[in-house]
> 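Here's a structure for you.
Within every chain, numbering begins at 1; the chains are lettered A, B, ... in the order of the sequence lines, protein sequences first and strands thereafter. Only heavy atoms go into these numbers, but all of them, side chains included; no hydrogens, no water, no symmetry mates. This one's a predicted model, so the numbers in the text were calculated from it and none came from an experiment.
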Amino acid sequence: MNPFRYERATDPHSAITTLTASPHGAYLGGGTNLVDLMKLGVATPDLLVDVARLPYDRIVVRPDGGVNIGAAVKNSDLAAHRTIRTHYPVLSQALLSGASGQLRNLASTGGNLLQRTRCLYFQDVTKPCNKREPGSGCSAREGYHRNLAILGASEACIATHPSDMAVALAALDATVHVQGTGGERVIPLVDFHRLPGDAPQRDTVLQHGDLITSVEIPACPFGARSAYRKVRDRASYAFALVSVAAALDVMDGSVRDIRLALGGVAHKPWRATRAEAALRGAPATAESFGRAADEELAHAQPLAQNAFKVTLARNVIVRTLLDLAEVR
Amino acid sequence: MDVEITFSVNGAARRLSVDTRTTLLDALRERLGITGPKKGCDHGQCGACTILIDGRRANSCLALAVAHQGAELTTIEGLADGEHLHPLQAAFITHDAFQCGYCTPGQICSAAGMLREVEQGWPSHVTADLTAPAIVLDDDEIRERMSGNLCRCAAYANIVPAIAEVVRR
Amino acid sequence: MLAARSIGASIDRVDGPLKVTGAARYTFEQPVENVAYLAVLQSTIAKGRITAIDAAAARAMPGVVEVLTHENAVRIASDDDEALRVLQTDAVAYCGQVVAAVVAETPEVAVEAAARIAVRYDEQPHDVVLRADHPSLYKPPKVNPNFETDTHQGDVDRALADAPVSIDHTYVTPHYHNNPLEMHATIATWSDDGVTLYDTNQGPHGIRDDVAKAFGLQPERVRIISPYVGGGFGSKAFTHPHVILTVMAAKLAGRPVKYQLSRRQMFALVGYRTPTIQRVQLGAQNDGTLTAIAHDVIEQTSTIEEFAEQTAVATRMMYAAPNRRTTHRLARLDLPSPTIFRAPGECPGMFALECAIDELANELGIDPVELRMRNEPAVDPETKHPFSSRGLVACLRDGAQRFGWDERDPRPRERLDGRWLIGTGVAASTYPTRRRPSQALIRVDRDGHYAALIGASDIGTGTWTALRQIAADALEVPFERVELQIGDSALPKAPSAGGSMGLASWGTAICDAADKLRARLRDDFGGVVPADGLEAYGEAGENHFAKQYSMHAFGAQFAEVRVDVDTGEVRVPRLLGVFAVGRVVNAKTGRSQLLGGMTMGLSMALHEESILDARFGDYTNRDFAEYHIAVNADVGRIDVEWIDEQDPYVNPMGAKGIGEVGIVGTAAAIANAVYHATGIRIRELPVRLDKLIG
C-alpha cells in the first residue's frame with residue numbers, strides 16, 4: 001500500500017470540498033472493497049476522507065411506502081430492516097446472499113454501489129487491464145472469463161459488476177442521491193453504473209468528489225411479491241455467476257406488472273426492459289416467461305467459457321418468475 | 001504517515017501511534033501483541049481475523065485502525081470470564097470443533113457475534129420466511145451464518161453441533 | 001500389540017484450551033526482540049533472466065534495513081536442492097519466483113519498498129501447459145517417494161482387446177493448492193551459537209537439516225521451534241525457499257527477521273498438486289471379473305526439481321486381474337515445483353480408478369459395490385504378499401447397509417424431488433500404512449511423573465493428545481501422569497508428519513523407549529526411581545513385516561447428491577465413510593481427521609481448481625475469493641464409522657495412519673453420484689454447474 005493521509009469528515013460540505021480538491025483522494029466508507037484494492041495496489045489514493053460517520057445512517061420509510069436509505073447504512077442493518085423484509089424482500093434477499101455476515105456489518109450502501117469488478121485481471125496489477133490502465137489491453141477476453149459478462153460488454157472490457165444489492169435496487173427503480181460541488185442531483189440507479197464502451201475505467205457517471213448521500217426506493221405496490229435468486233459455485237460466500245431480481249404482479253393468471261433485473265451478466269445491473277415489455281399483459285406461464293427471457297438474452301454475446309450463462313440466466317428467470325407467480 | 005489513536009481492547013483502553021495503512025488486525029497482532037485474531041488471507045475472504053467491533057462481528061483485516069478511533073474491540077482473548085471459558089469455547093473443545101486451531105478464534109468470535117444477530121431477529125440467506133418475528137437457528141441456519149469463516153481442516157461437521165449446543169442452553 | 005487403556009478413548013485435545021482462547025502461539029506470533037519484517041518481490045515472467053535490478057528507491061526509504069537480490073545474497077552452500085537456491089542466480093524458472101526481498105522496521109514499509117524495486121527481464125518463451133501429447137514427456141527414474149515408475153504383468157493390450165466388456169476413458173484433475181489457513185512463516189534469529197527459527201512446518205528436523213546444509217552449519221547449531229502449526233496438508237513437509245530467504249535476510253540485516261507469505265504468494269512458493277491426465281482401461285468378463293487393468297498417467301514437474309506424483313500406485317493393489325499395467329510420464333514445465341498434497345498419488349489416482357470402476361459397473365449392469373467385491377484380491381496383486389489386514393469388503397458391506405444402498409434403483413436420472421435430481425454413488429478408499437525411523441526419549445522423576453520427548457509435530461492432527469495416549473499405555477500409567485514435548489528440533493530426531501506415518505513412527509519409538517525405561521527401572525533400580533530420575537532412549541527402526549505383508553488402510557465412501565434441474569447446482573446432503581484403519585488411537589480426534597479428509601474430498605470434487613493462464617504462466621485465482629474451498633454451508637450430513645480391525649504387523653499400537661485415507665475416493669463417490677442423478681458423466685474435475693446445465 002502507498003502512504004496516505006487520513007481525515008475523518010465532519011460534515012458533507014467540507015468532505016466534498018476536500019476531496020474535490022484532491023484529485024488522488026478517495027472517500028472511505030466501510031472499506032471492505034477500497035482497503036482490499038489498496039492492498040492489491042489497484043487503488044492508490046493519497047488521501048482518504050472517511051465518510052462513514054456522516055449523518056446518512058438512517059432508513060426512513062415514507063408514508064406512501066417508499067424508503068430512503070442513507071448511504072452510510074450498513075448492509076446488515078438494511079437487510080434486517082422490517083419494512084425491507086416485508087415490503088421489498090428482493091432487496092433483503094439480495095443483501096443476505098452477498099459476502100458474509102462480518103463483511104455485511106462493515107459494508108455501507110454507498111460503498112456497495114461503488115464496489116469494483118472482481119475480474120481477476122483487474123485485481124492483478126501485473127496483468128494488462130483496460131479498466132486499470134486504459135489502452136493496456138483486456139487480459140480476460142483471451143484468458144479466463146468464465147465469470148464475466150455476456151451482455152453489454154465491449155472490445156475493451158468484459159467485466160461484471162459484483163453487487164447483489166444493486167441488482168435488486170435496479171429492479172425496484174431506485175434512485176441515487178448525490179451531492180457534488182455543483183449541488184445535489186438524483187440519478188436513476190439504472191443509469192448510475194455505465195457500460196464499459198471505450199472508457200472502461202469509468203464504472204459510474206459520478207464525477208470525482210461526488211458523494212452519495214442516500215438511495216431512494218419509490219413505493220411499489222407489489223414489492224412484497226419479489227425475490228432474489230443467486231446462482232454461484234459454492235452454497236455461500238461466493239459471487240454470482242448469474243442472479244435474478246424480480247417483482248411480479250399477477251392478476252387472473254396475467255402479468256399486470258413486472259420488474260426484472262439480472263446480475264453477474266454485465267458491467268452494471270442489467271434491467272431486463274425487453275423481457276418486461278414482453279411480459280406486461282402476457283399470461284403468467286412458463287412459456288411466456290421463457291419467451292421473454294429469450295428476447296432479453298437474444299442480444300447476449302457470450303464467450304467460450306461463459307456461454308453457459310445464457311442458458312443459466314434463462315432458466316433462473318423462468319424459475320424465479322414461476323415461483324413468484326405461484327406465491328399467494 | 002503516523003497517527004495517534006485510542007480504542008479499547010477487551011475492556012482496556014489502548015493508545016498507540018499507527019501508520020495510516022495499519023489494519024486493526026496488524027495493530028492488534030504486531031503492535032499490541034494480541035495475537036488471538038489470525039491472518040489467513042488479509043483480504044476479507046476467510047474470516048480468521050474476525051473480532052467484535054462495538055459488539056458486531058467484522059473482519060479486522062479490512063478495518064483501518066485510524067478509521068476506528070474510539071471503538072470497543074473484543075477479541076477471542078476477551079471472551080472468557082477469567083478462568084471460566086465462554087460457553088462457545090467450552091463447546092468447541094467438547095465437540096472437537098477445530099483441528100489446527102488457526103481459524104478457531106475467528107470462528108468463535110464470529111459465532112458470538114452471530115448469536116447476537118439472531119437474538120436481534122436478523123434473517124439469513126436461508127431463512128424461508130423473512131417476516132417471521134424470531135429466528136429458528138437450525139443447522140442450516142448455523143451453516144449459512146458461519147460460512148464467512150473458512151476452515152481448511154474442515155471441522156465444519158463439528159463446529160455446527162458445538163454452536164447448536166450453546167444455542168440449546 | 002500394546003494393551004489399550006488410553007488408546008481408543010475419546011479424549012478432548014489437550015491443546016484445546018490454548019487454541020480456543022487464542023493463547024496458542026503460531027510462528028508469526030512468537031515474540032522476538034528487535035525483529036524486522038521481510039517482504040518479497042516476485043517475478044512477473046515465467047522464464048528468462050533478470051537483466052537489471054534497481055533498488056535505489058527502496059533502499060532510500062526510511063525504515064528500510066536491507067534489500068536482498070541475487071547480487072548481494074548469501075551464497076547457499078548446498079547445491080542438491082535447486083528449489084531452495086533462492087536469490088542465487090539471475091535465472092527465472094517460474095512466474096512468482098522471488099527475485100528480491102526487503103527487510104524493514106514495519107510490515108507496511110517492507111511491502112511498499114519491495115513494490116518500488118524495478119526489475120528488468122529478458123523474457124523467453126515459456127511452456128506451461130500439460131498435454132497428453134506433450135513432446136517432452138519422459139519417464140522419471142522413480143515416482144514419489146520411491147516407487148517403480150511403471151509396472152507390467154501379463155499382456156494388457158491383448159487382454160483388453162479380448163475382453164467381452166471394456167472401458168477406456170481419460171480422467172483429468174486440475175492444479176490444486178494445499179492452502180492451509182496459516183500461511184507459511186519463519187522468524188530467524190542468529191547468535192554466536194548458530195541460528196534459531198520459529199517456523200511453521202510438519203517436522204522440525206527436516207527443516208533443520210536443510211537450513212544447516214544451506215548455510216554450511218552443523219545441524220546442532222540450527223534450532224527449529226514449531227509447537228503449533230496452522231495446517232499443512234503436505235505443503236509444510238519440505239523446506240521451501242522462504243525459510244532459506246528469511247535466514248539469509250537475518251544474517252545480512254544483523255538482526256532477527258520475520259516473514260509470512262501473503263495468501264497470493266502461497267500460490268507460487270510452497271508447492272501444489274500437479275494436474276493429472278489419466279487414461280484408465282478396464283477389461284472384464286460378463287460376470288464382472290476383471291481381466292485387464294491399465295492406468296497411464298501424465299503429470300508435470302518444474303524445470304528445477306523433479307517431483308513425480310505416484311498417481312497410479314493404488315491401482316497396483318486395489319483389484320485382482322491377471323493383466324496389468326501402470327505408467328507415469330512427466331513433463332518439465334516452466335511452473336513452480338509441485339509437492340505432496342494430502343494423499344499424493346492415491347488422491348488423484350483413485351478418482352480416476354474409482355470412476356472407471358463405476359463406468360464398468362454401468363456397462364456390465366452390475367451393482368458397483370458388488371463389482372468391487374467380486375474383484376477383491378486374496379493377496380497383493382503385484383507383490384503377491386498377503387495383506388496384513390484388508391477390510392475393504394467389510395467397509396463396503398457395512399456402508400451399503402447404513403446408507404440404504406439396497407433400495408437404490410441403478411438407472412441414472414430416475415429420481416426427481418421437486419426441482420432436484422437425486423443420485424447416489426460409491427467409491428473405495430485406500431492409503432498405505434508405513435512408518436519411518438524415529439527416536440524418542442522418556443524420563444521419569446521420583447514422583448512418578450513421566451515426560452516423553454520427541455521431535456514430532458501436531459499440524460491439527462491431534463498429536464499432542466494421541467501420542468500422549470500411546471505413551472501412557474506404553475508406560476502402563478494413567479494419561480494424566482505423562483507429559484509430552486514435541487515440535488522442537490532440540491528434541492530427539494523424528495520424521496515429519498506426512499504420509500500418514502506420524503503416529504506410527506513416533507508411537508513405535510515411544511513404545512521402544514518405554515520398554516527400555518521400564519526394563520532399566522526394573523533391572524537396575526529394583527523398580528524404584530532414583531532421586532534424580534531416570535531416562536531411556538528408544539527408536540523405531542524398519543518394520544520388517546513390511547517386507548512380508550502389504551499394508552494399507554481401506555475404506556468405502558458413499559455420497560448422495562442433489563442437482564438442480566434448472567441451474568445444475570450440486571449439493572451433497574449425505575456423505576458416509578466406513579473405514580478399516582486398525583486401532584483408532586483417539587476416537588474423537590480420529591473421527592475429526594476422517595471427517596476433515598472427506599470434506600476436503602468434497603471440496604476437491606466440486607470447488608477447487610487453480611486456474612492457470614498459459615499466456616503468463618501464472619495462476620489467475622490466487623486468493624480465497626476465487627480459489628474456492630468448501631464453506632460451512634457446502635457440508636451437509638457427514639458420517640464416519642470404522643470397523644473393528646486388529647493388525648499386529650503395522651506397529652505396536654495396531655494403528656494405521658488416518659490423516660489421508662479420508663480424502664481418497666470422496667471425489668469419485670460424488671462424481672459417480674452426479675452421474676447417477678443426471679446421466680451425465682463428468683471425467684474432469686471440478687464438477688461444476690456449467691458441465692451439467694442445458
> Got a second to check how far B:Ile76's CD1 is from B:Cys109's SG, nearest 0.5 Å?
4.5 Å
> Let me know if C:Ala625 has heavy atoms under 4.5 Å from chain B in its side chain, its backbone, both or neither.
both
> Is any side-chain heavy atom of B:Ile93 less than 4.5 Å from a side-chain heavy atom of B:Leu85?
yes
> Suppose we screen for side chain to side chain contact (heavy atoms under 4.5 Å, CB included). Which residues come up paired with B:Glu119, at least two apart in sequence or across chains?
none
> Sequence neighbours left out, what passes side chain to side chain contact (heavy atoms under 4.5 Å, CB included) with C:Ala39? Give chain and number order.
C:Ala110, C:Val111, C:Ala114
> Tabulate, with distances rounded to 0.1 Å, every donor-acceptor pair spanning chain C and chain B at under 3.5 Å.
unit_1: B:Arg21; atom_1: NH1; unit_2: C:Glu112; atom_2: OE1; d: 2.6
unit_1: B:Arg21; atom_1: NH2; unit_2: C:Glu112; atom_2: OE1; d: 3.4
unit_1: B:Thr22; atom_1: OG1; unit_2: C:Glu108; atom_2: OE2; d: 3.0
unit_1: B:Arg29; atom_1: NH1; unit_2: C:Glu29; atom_2: OE2; d: 2.7
unit_1: B:Arg29; atom_1: NH2; unit_2: C:Glu29; atom_2: OE2; d: 3.3
unit_1: B:Glu30; atom_1: OE1; unit_2: C:Tyr37; atom_2: OH; d: 2.5
unit_1: B:Glu30; atom_1: OE1; unit_2: C:Lys258; atom_2: NZ; d: 2.8
unit_1: B:Lys38; atom_1: NZ; unit_2: C:Glu29; atom_2: OE1; d: 3.0
unit_1: B:Lys38; atom_1: NZ; unit_2: C:Glu29; atom_2: OE2; d: 3.0
unit_1: B:Gly40; atom_1: O; unit_2: C:Arg263; atom_2: NE; d: 3.0
unit_1: B:Gly40; atom_1: O; unit_2: C:Arg263; atom_2: NH2; d: 2.8
unit_1: B:Gln45; atom_1: OE1; unit_2: C:Phe624; atom_2: N; d: 3.2
unit_1: B:Gln45; atom_1: OE1; unit_2: C:Ala625; atom_2: N; d: 3.3
unit_1: B:Gln89; atom_1: NE2; unit_2: C:Val20; atom_2: O; d: 2.8
unit_1: B:Thr94; atom_1: O; unit_2: C:Lys588; atom_2: NZ; d: 2.5
unit_1: B:Asp96; atom_1: OD1; unit_2: C:Arg13; atom_2: NE; d: 2.7
unit_1: B:Asp96; atom_1: OD2; unit_2: C:Arg13; atom_2: NH2; d: 3.1
unit_1: B:Asp96; atom_1: OD2; unit_2: C:Ser592; atom_2: OG; d: 2.6
unit_1: B:Phe98; atom_1: O; unit_2: C:Arg13; atom_2: NE; d: 3.4
unit_1: B:Gln99; atom_1: O; unit_2: C:Lys19; atom_2: NZ; d: 2.8
unit_1: B:Gln99; atom_1: NE2; unit_2: C:Ser592; atom_2: O; d: 3.0
unit_1: B:Cys100; atom_1: O; unit_2: C:Lys19; atom_2: NZ; d: 3.4
unit_1: B:Cys100; atom_1: O; unit_2: C:Tyr26; atom_2: OH; d: 2.6
unit_1: B:Gly101; atom_1: O; unit_2: C:Tyr26; atom_2: OH; d: 3.3
unit_1: B:Tyr102; atom_1: N; unit_2: C:Tyr26; atom_2: OH; d: 3.4
unit_1: B:Arg143; atom_1: NE; unit_2: C:Val635; atom_2: O; d: 2.9
unit_1: B:Ser147; atom_1: OG; unit_2: C:Ala633; atom_2: N; d: 3.1
unit_1: B:Arg152; atom_1: NE; unit_2: C:Asn178; atom_2: O; d: 2.9
unit_1: B:Arg152; atom_1: NH1; unit_2: C:Glu608; atom_2: OE2; d: 2.8
unit_1: B:Arg152; atom_1: NH2; unit_2: C:His177; atom_2: O; d: 3.1
unit_1: B:Arg152; atom_1: NH2; unit_2: C:Asn178; atom_2: O; d: 3.1
unit_1: B:Arg152; atom_1: NH2; unit_2: C:Glu608; atom_2: OE1; d: 2.9
unit_1: B:Tyr156; atom_1: OH; unit_2: C:Ala630; atom_2: O; d: 2.7
unit_1: B:Asn158; atom_1: OD1; unit_2: C:Arg591; atom_2: NH1; d: 3.1
unit_1: B:Asn158; atom_1: ND2; unit_2: C:Ser592; atom_2: OG; d: 3.1

> In Å, rounded to the nearest 0.5 Å, how long is the span from CZ of C:Phe233 to CZ of C:Phe341?
7.5 Å
> Check each atom of C:Pro17 against the heavy atoms of chain B and say whether the ones under 4.5 Å are side chain, backbone, both or neither.
both
> What part of C:Leu181 is in contact with chain B, defined as an atom under 4.5 angstrom from a non-hydrogen atom: side chain, backbone, both or neither?
both
> Just so I understand: if I count every heavy-atom pair under 4.5 Å between each of B:Gly36, B:Pro105, B:Cys153 and chain C, which residue has the most?
B:Cys153
> Within the structure provided, determine whether B:Leu79 and B:Ile108 are in side-chain contact (heavy-atom separation under 4.5 Å).
yes
> Please identify, among C:Gly596, C:Pro107, C:Ala23, the residue contributing the most non-hydrogen atom pairs under 4.5 Å to chain B.
C:Gly596
> Quick check on C:Val229 against chain B: is it the side chain, the backbone, both or neither that has a heavy atom closer than 4.5 Å?
backbone
> Side chain, backbone, both or neither: which part of B:Ile159 has a non-hydrogen atom closer than 4.5 Å to chain C?
side chain
> For the residue pair B:Ile51 and B:Leu28, establish whether any side-chain heavy-atom pair is separated by less than 4.5 Å.
yes
> Measure the shortest side-chain to side-chain distance between C:Val103 and C:Val64 over non-hydrogen atoms and say whether it is less than 4.5 angstrom.
no
> Could you go through the side chain to side chain contact (heavy atoms under 4.5 Å, CB included) check for B:Leu52 and B:Leu73 one step at a time?
CA-CA 6 Å; B:Leu52 302 177; B:Leu73 310 180; over 6 Å; no
> Please name all residues satisfying salt bridge (Lys or Arg N to Asp or Glu O under 4.0 Å) with B:Arg15, sequence neighbours left out, ordered by chain then number.
B:Glu4
> For the candidates C:Ile638, C:Val109, C:Ile629, which exhibits the highest count of non-hydrogen atom pairs separated by less than 4.5 Å from chain B?
C:Ile629
> With only heavy atoms counted, which part of B:Val126 is less than 4.5 Å from chain C, the side chain, the backbone, both or neither?
neither
> Compare all side-chain heavy atoms of B:Gln120 with those of B:Ile135 and state whether any distance is below 4.5 angstrom.
no
> Out of B:Ala154, B:Gly44, B:Gly40, which one racks up the most heavy-atom pairs below 4.5 Å with chain C?
B:Gly40
